[in-house]
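Remarks on the structure that follows.
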Amino acid sequence: MQSNNSKNTIPSFFTSVSRNFWDAAKLTEHPKGLLEQINTCNSVYHFTFPTRKGKGEYEVIQAWRVEHSHHKLPTKGGFRYADNVHADEVMAMAALMTYKCAVVSIPFGGAKGGVKINAANYSVEQLETITRRFTSELINKNFIGPGIDVPAPDYGTSAREMSWVADTYQAFHPGAVDAPACVTGKPLSQHGIQGRKEATGRGVYFACREACNIEEDMKALGLSPGLEGKTAVVQGLGNVGYHAAKYLYEDGVKLIGLIEIEGGLYNPDGMDLEDVMQYRRSKGSLKDYPGAKFIENPSDALEIECDILVPCALENQITHLNADKIKTKIIAEGANGPTTPDAENILTKKGVLIIPDIYCNAGGVVVSYFEWLKNLSHVRFGRLGRRFTESTNAQLLRAIEVTSGVKFSDEIIKQIARGPDEGDLVDSGLEDTMILAYRETHKMWTKHDKKITQRTAAFINSINKIAQSYLDLGIFP
Ligand code: GLU
């Protein structure tokens, strides 16, 4: 692990998460042993397996699955494919999953997995082989199952990998009727759920909207309330960044900066997201996009002056080395761990409001929870009640017509009477969860006269909920 001694060294990711944890833990009154139990990683499984690379060539693949906390089961968290994956990173992200689930009141412990590969260097067939082998290793060691540990997509993985996981698990468990609940983020045709793909980015949007709706907080930042007209810089145009940018844009936010690995785009008048995405898809890069200035070094683009900076890529993007140069009022952490604790200290002193990852990017796991419930109940949300609600609403409207003498148009009746389908219910459940969790975090923040960060406030709430479940078990006095 890296140390924090040198001025230029960034502490290890798990060290940063622990530091955030203890900053909050010391403001609670729970016994030290209980706090240590919460902070520690319960199970760390490191494994290797060979894969064929070509004629007679083999490569040894390294993989991890970490179950951070079993205070609630199953444990939950994605798995990533990236060539810089290592034990410390997976442990940190597993811990973040524990705190994240508690912040949004999702009844899971935290887990995370990682395979040390750059997915771009492998064919689809090789990725399928690796994913299926990864899954069978997890099955062998009891690190996967609907009531044990439930993976999901993360950086470098998507619905496609999740369908391979589910299929492999089902092959090993013939007749297990709940088997599809062993993984979430699956394609719709493979027991997935409407809205899962968009969920993390959509959650980031709800988080920004909630934060920006509080007049007093916006006033303190010198901003007017609401999202309309605010400027944003989004780092990462993958699943999370793209959807966060899309929903912010649709609600009137000006996207003045968009950043990817090859560099960033800057246009103070705002950019058309779909046009940029289309350009990058066709050219493979943001470079030379005609509607904006290209910034060669992606980290320089983080320094664009804006109202909301939305890092949606990897951890440790904002550190004590660049925090001073960041010129935003709000940071909405779509990624896990994009801001180090030292950077947060610098930014907080400058008055920047940081909407912390353990709240801000929880939308993915929230909708994963809905998918898991759908798989266990074996019925699509809305299937039983949609038509009933629709006809009851229509009758009500007709009764209003009769008593008021006003006739509604067919269009209005269709709109108002409409019963909710799965997508509506998922979106409404996600929105409600994000609103409630923001209010809870804000309440704790206010209780401390806003002298602590929102991250510390979210951690305190999270720790309190986890501690309660241990205390109710009678494990701690
Ligand atoms: N990988 C996502 C996260 O970091 C989603 C996890 C899940 O849905 O289980 O929150």
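Whatever order the structure lists them in is the order used to number ligands and atoms, beginning at 1.
Each of the following atoms of ligand 1 lies closer than 4.0 Å to a heavy atom of Gly77: 9 (O). Each of the following atoms of ligand 1 lies closer than 4.0 Å to a heavy atom of Gly78: 1 (N), 6 (C). In summary, the atoms of ligand 1 found under 4.0 Å from a heavy atom of Met97, numbered by their order in the structure, are 3 (C), 4 (O), 6 (C), 10 (O). Set against the non-hydrogen atoms of Asn336, the atoms of ligand 1 under 4.0 Å away are 4 (O). Heavy-atom proximity to Gly364, at under 4.0 Å, picks out these atoms of ligand 1: 8 (O).
Partner of Glu260 under the side chain to side chain contact (heavy atoms under 4.5 Å, CB included) criterion, chosen from Val276, Leu265, Leu237: Leu237. If you run ring pair (Phe, Tyr, Trp, His ring centres under 6.0 Å) between Phe143 and each of Tyr169, Phe47, Tyr45, only Tyr45 comes through.
Within the 4.0 Å heavy-atom criterion, neither part of Met93 lies near ligand 1. At a heavy-atom cutoff of 4.0 Å, ligand 1 is contacted by no atom of Val367, backbone or side chain.
Between the side chain of Trp445 and the main chain of Ile452, a donor-acceptor pair closer than 3.5 Å is present. Judged purely by atom type and a 3.5 angstrom limit, Lys327 uses its side chain to pair as donor or acceptor with the backbone of Glu303.
When only non-hydrogen protein atoms are considered, atom 3 (C) of ligand 1 lies nearest to Lys100 NZ, 3.3 Å. In terms of protein heavy-atom proximity, atom 5 (C) of ligand 1 is closest to Arg196 NH2, 3.5 Å. Of the protein's non-hydrogen atoms, the one nearest atom 4 (O) of ligand 1 is Lys112 NZ, 2.9 Å. The protein atom (non-hydrogen) at minimum distance from atom 8 (O) of ligand 1 is Ser368 OG, 2.6 Å. From the protein, the heavy atom lying nearest to atom 9 (O) of ligand 1 is Lys76 NZ, 2.8 Å. Protein heavy atom nearest atom 7 (C) of ligand 1, with residue, atom name and distance: Ala152 CB, 3.3 Å.
Within 6.0 Å of atom NZ in Lys443, 12 or fewer heavy atoms from other residues, nucleotides or ligands are found, so the atom counts as exposed in its surroundings.
Nearest-heavy-atom check against atom 2 (C) of ligand 1 across Gly203, Pro151, Pro153 picks out Pro153.
Between Thr184 and ligand 1, a contact under 3.5 Å exists for no N or O pair.
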Exercise for the section: Please lay out, stage by stage, how Gln317 and Ser299 fare under the test side-chain contact (heavy atoms from CB on, under 4.5 Å). Expected result: CA-CA 8 Å; Gln317 299 301 300; Ser299 57; over 6 Å; no
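In summary, the aromatic rings of Phe134 and Phe79 are positioned with their centroids under 6.0 Å apart. For His68 and Tyr99, the distance between ring centers is under 6.0 angstrom.
Between the side chains of Thr129 and Tyr122, not a single donor N or O lies within less than 3.5 Å of an accepting N or O.
Ring orientation note: the planes of His71 and Tyr470 are tilted relative to one another, at an angle of 30° to 60°.
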